[in-house]
J.: 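For reference, the structure I am asking about is given below.
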Amino acid sequence: MTDHLITTPFGARTTAAEVLDGVDLTGKRALVTGAASGIGRESARVLAAAGAEVTIGVRDLAVGGRAAEEIRPASGPGTVHATMLDLADQSSVRAFVDAWRGPLHILVLNAGVMASPLQRTKEGWETQFATNHLGHFALATGLHGALAAARGARVVAVSSVGHVNGEVLFDDINFERHPYDPWAAYSQSKTANVLFAVEASRRWASGLIAVNALNPGRITSTRLGRHIGDISHSPASFDPTSTDVSWKNIEQGAATSVLLAASPLTEGVTGRYFEDCNEAGPHQPGVRRGVAAHALDARHAARLWQTSLDMLATTATTV
């Protein structure tokens with residue numbers, strides 16, 4: 001990130017539809033993960049309404065199919081269809097990648113779990129890291145050729161303000177020695193999302209692939225917080241009276257994602273972290289805004305990339 005922060009006319013209350021008002025995505029192909037509900041669904045809906053051919057990656061094809069029918073434009077070139085994709089299952093990710101044909105112009109890495117009880121994948125990986133980071137890492141790197149073929153593709157990693165609470169625990173990513181803390185696990189996975197954008201933007205610049213991360217805000221009425229229960233069980237700074245992090249509805253929560261995915265205002269922008277439709281400044285202690293220095297650390301980003309490759313290599317995944 002440079003001293004010059006990128007700004008737009010949009011803000012915390014802007015909706016995704018307003019961001020893409022007048023934008024024509026005819027001929028563009030997009031993939032949005034976790035788009036059966038919440039801000040992923042709204043991102044997919046707005047991209048399709050602008051003319052894009054949208055694939056939503058879902059764990060439940062019946063639910064995803066209904067979502068695709070409901071958000072598919074009634075007219076125009078835009079389309080929406082659902083395809084099976086379980087990010088916590090590397091065989092599912094491989095099958096999706098192997099089946100993809102042609103270029104991919106927009107990849108929105110939106111799916112995620114938050115503050116879940118300790119669960120592990122069949123590889124023994126902690127589920128939040130495995131889903132929020134490793135699944136998306138395998139998907140994005142597996143689709144690198146399709147992204148490069150688009151000659152100007154954009155990759156969007158949906159992170160969270162929660163990244164400010166913790167770094168990646170390189171010595172114990174899967175909480176095999178540390179006592180498991182669901183919020184610490186969530187924080188490291190969200191830091192990993194930003195670090196992925198930092199390193200991918202460096203590695204993929206020659207292929208004209210832009211990669212950015214974002215904080216969508218604290219979104220009401222989504223399934224992401226299903227493991228939290230009563231809001232009093234979440235960090236105190238998530239209190240709705242706080243001015244630190246913007247509370248938004250789903251239409252507003254998807255705005256920063258589609259801004260980075262398709263707005264002409266962010267053409268050529270890469271390796272940045274946005275919130276409220278503008279590039280975020282440095283995080284300040286005690287404030288739940290901005291981007292933490294540990295999430296932009298180039299050495300940590302490179303280390304995470306290699307660590308991720310090493311972990312995926314144990315599943316015989318080629319990336």
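Values below: every heavy atom of this structure, side chains too, minus hydrogens, waters and symmetry copies.
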J.: For residues 178-207, pull every pair meeting salt bridge (charged side-chain N to carboxylate O under 4.0 Å, His left out), keeping only residues two or more places apart or in separate chains.
T.: Glu199-Arg202, Glu199-Arg203

J.: Where the side chain of Lys248 meets the backbone of Pro216, is there a donor-acceptor pair that is under 3.5 Å apart?
T.: yes

J.: Is there a side-chain contact between Val156 and Phe274, using heavy atoms and a 4.5 Å cut-off?
T.: no

J.: Work out which heavy atom in Ala35 is nearest to a heavy atom in Ala44; give both atom names and the distance.
T.: CB-CB, 4.2 Å

J.: Report yes or no: does His81 contribute a side-chain atom to a donor-acceptor pair with the main-chain N or O of Ala68 at less than 3.5 Å?
T.: no

J.: Please check if the side chain of Thr270 supplies one atom and the backbone of Val211 the other of a donor-acceptor pair under 3.5 Å.
T.: yes

J.: Counting N and O atoms only, with roles assigned by atom type, does the side chain of Gln306 sit under 3.5 Å from a partner on the main chain of Arg303, one being a donor and the other an acceptor?
T.: no

J.: Tell me, do Val258 and Arg45 make a side-chain contact under 4.5 Å, heavy atoms counted?
T.: no

J.: Is it the case that the side chain of Asn165 and the backbone of Ala184 share a donor-acceptor pair, with hydrogens and angles ignored and the cut-off at 3.5 Å?
T.: no

J.: Sorted by first residue and then second, give each ring-ring contact (aromatic ring centres under 6.0 Å, His included) pair with at least one member in residues 140-165; sequence neighbours left out.
T.: His144-Trp204, His163-Tyr273

J.: Has the side chain of Arg151 got a donor or acceptor atom that lies under 3.5 Å from a matching backbone atom of Leu208?
T.: no

J.: Would you kindly confirm whether Leu259 and Val54 end up in one hydrophobic cluster when ILVMFWY residues are joined by side chain heavy atoms under 4.5 Å apart?
T.: yes

J.: I'd like to know if the side chain of Glu42 reaches the main chain of Gly253, judged simply by a donor and an acceptor atom lying under 3.5 Å from each other, with no hydrogens or angles considered.
T.: no

J.: Assess, by modelled atom type and distance only, whether the side chains of Ser246 and Arg13 contain a donor and an acceptor separated by less than 3.5 Å.
T.: no

J.: Rounded at 0.5 Å granularity, tell me how far CD in Glu275 sits from CZ in Arg288.
T.: 11.0 Å

J.: With Asn278, which residues qualify under side-chain contact (heavy atoms from CB on, under 4.5 Å), at least two apart?
T.: Thr7, Thr8

J.: I'd like to check Ile173 versus Glu126 (side-chain heavy atoms, cut-off strictly below 4.5 Å). Are they in contact?
T.: no

J.: Atom NE2 in His105, atom CG in Leu147: separation rounded to 0.5 Å?
T.: 10.0 Å

J.: Looking at every heavy atom in both Leu47 and Ala30, which two are closest together, and how far apart are they?
T.: CD1-CB, 4.2 Å

J.: So do the side chains of Phe137 and Leu304 get within less than 4.5 Å of each other, counting heavy atoms only?
T.: no

J.: In terms of side-chain heavy atoms, does Thr266 have a donor or acceptor partner in Arg272 at a distance below 3.5 Å?
T.: no

J.: Does any non-hydrogen side-chain atom of Ser91 lie less than 4.5 Å from one of Arg94?
T.: yes

J.: Should side-chain heavy atoms under 4.5 Å link Ile, Leu, Val, Met, Phe, Trp and Tyr, which residues sit in the same cluster as Leu118?
T.: Leu169, Phe175, Tyr180

J.: Could you walk me through whether Glu69 and Arg72 satisfy the salt bridge (charged side-chain N to carboxylate O under 4.0 Å, His left out) test, starting with their C-alpha distance in whole Å, then the side-chain angles of each, then the deciding distance to 0.1 Å, before giving a yes or no?
T.: CA-CA 5 Å; Glu69 286 287 343; Arg72 185 175 295 127; 3.1 Å; yes

J.: Going from OG on Ser43 to CD on Glu251, what distance comes out if it is rounded to the nearest 0.5 angstrom?
T.: 11.0 Å

J.: If you group Ile, Leu, Val, Met, Phe, Trp and Tyr by side-chain heavy-atom gaps below 4.5 Å, do Val32 and Leu61 land in one group?
T.: yes

J.: Parallel, tilted or perpendicular: which fits the ring planes of His133 and Phe129, with parallel below 30° and perpendicular above 60°?
T.: tilted

J.: Is Val161 reachable from Val287 through a run of hydrophobic residues whose side-chain heavy atoms are each under 4.5 Å from the next?
T.: no

J.: Which residues pass the salt bridge (charged side-chain N to carboxylate O under 4.0 Å, His left out) test with Asp297, sequence neighbours left out?
T.: Arg299

J.: Would you check, one step at a time, whether the test side chain to side chain contact (heavy atoms under 4.5 Å, CB included) holds for Glu70 with Arg41?
T.: CA-CA 10 Å; Glu70 291 166 1; Arg41 173 179 166 137; 2.8 Å; yes

J.: Before giving the answer on side chain to side chain contact (heavy atoms under 4.5 Å, CB included), spell out for Val194 and Leu296 the whole-Å C-alpha distance, their side-chain angles and the decisive distance to 0.1 Å.
T.: CA-CA 7 Å; Val194 187; Leu296 297 177; 4.2 Å; yes

J.: Measuring from atom OG1 of Thr307 to atom CG of Leu312, what distance do you get when rounded to the nearest 0.5 angstrom?
T.: 11.0 Å

J.: Does Thr83 use its side chain to pair, donor to acceptor, with the backbone of Gly57 at less than 3.5 Å?
T.: no

J.: Do the side chains of Ile6 and Phe10 join up, straight or via other hydrophobic residues, at under 4.5 Å, putting them in one cluster?
T.: yes

J.: Linking I/L/V/M/F/W/Y whenever any side-chain heavy atoms sit under 4.5 Å apart, do Leu309 and Phe196 land together?
T.: yes

J.: May I ask you to test the Leu109-Asn193 pair for a side-chain heavy-atom distance under 4.5 Å?
T.: no

J.: Does the Gln128 side chain pair with the main chain of Ala115, one donor and one acceptor, at a distance under 3.5 Å?
T.: yes

J.: Any idea which heavy atoms bring Ala48 and Val80 closest together, and the distance?
T.: CB-CG2, 3.5 Å

J.: Going by heavy atoms in the side chains, are Val46 and Val19 under 4.5 Å from each other?
T.: no

J.: Check Trp125 against Leu134 and note the closest heavy-atom contact, atom names and distance.
T.: CE3-CD1, 3.6 Å

J.: Which value, rounded to the nearest 0.5 Å, describes the distance between Leu31 atom CG and Ile106 atom CD1?
T.: 10.5 Å

J.: Do the non-hydrogen side-chain atoms of Ser201 and Asn212 ever get within less than 4.5 Å of each other?
T.: no

J.: For Thr256 and Cys277, which heavy atoms make the closest approach, and how far apart are they?
T.: OG1-N, 3.1 Å

J.: Which pair of non-hydrogen atoms, one from Gly65 and one from Ala82, has the smallest distance, and what is that distance?
T.: N-CB, 3.9 Å

J.: If you measure from OG1 on Thr15 to CD1 on Ile250, what distance do you get to the nearest 0.5 Å?
T.: 13.0 Å

J.: Test side chain to side chain contact (heavy atoms under 4.5 Å, CB included) on Val168 and His300; report intermediate values, then the result.
T.: CA-CA 8 Å; Val168 174; His300 288 180; over 6 Å; no

J.: Closer than 4.0 angstrom, basic N to acidic O: yes or no for Arg59 and Asp89?
T.: no

J.: How about Ser92 and Asp86: does a side-chain donor come under 3.5 Å of a side-chain acceptor?
T.: no

J.: Apply side-chain contact (heavy atoms from CB on, under 4.5 Å) to Thr33 and list each qualifying residue two or more places apart in sequence or on a separate chain.
T.: Leu85, Leu87, Asn110, Ala111, His136, Leu139

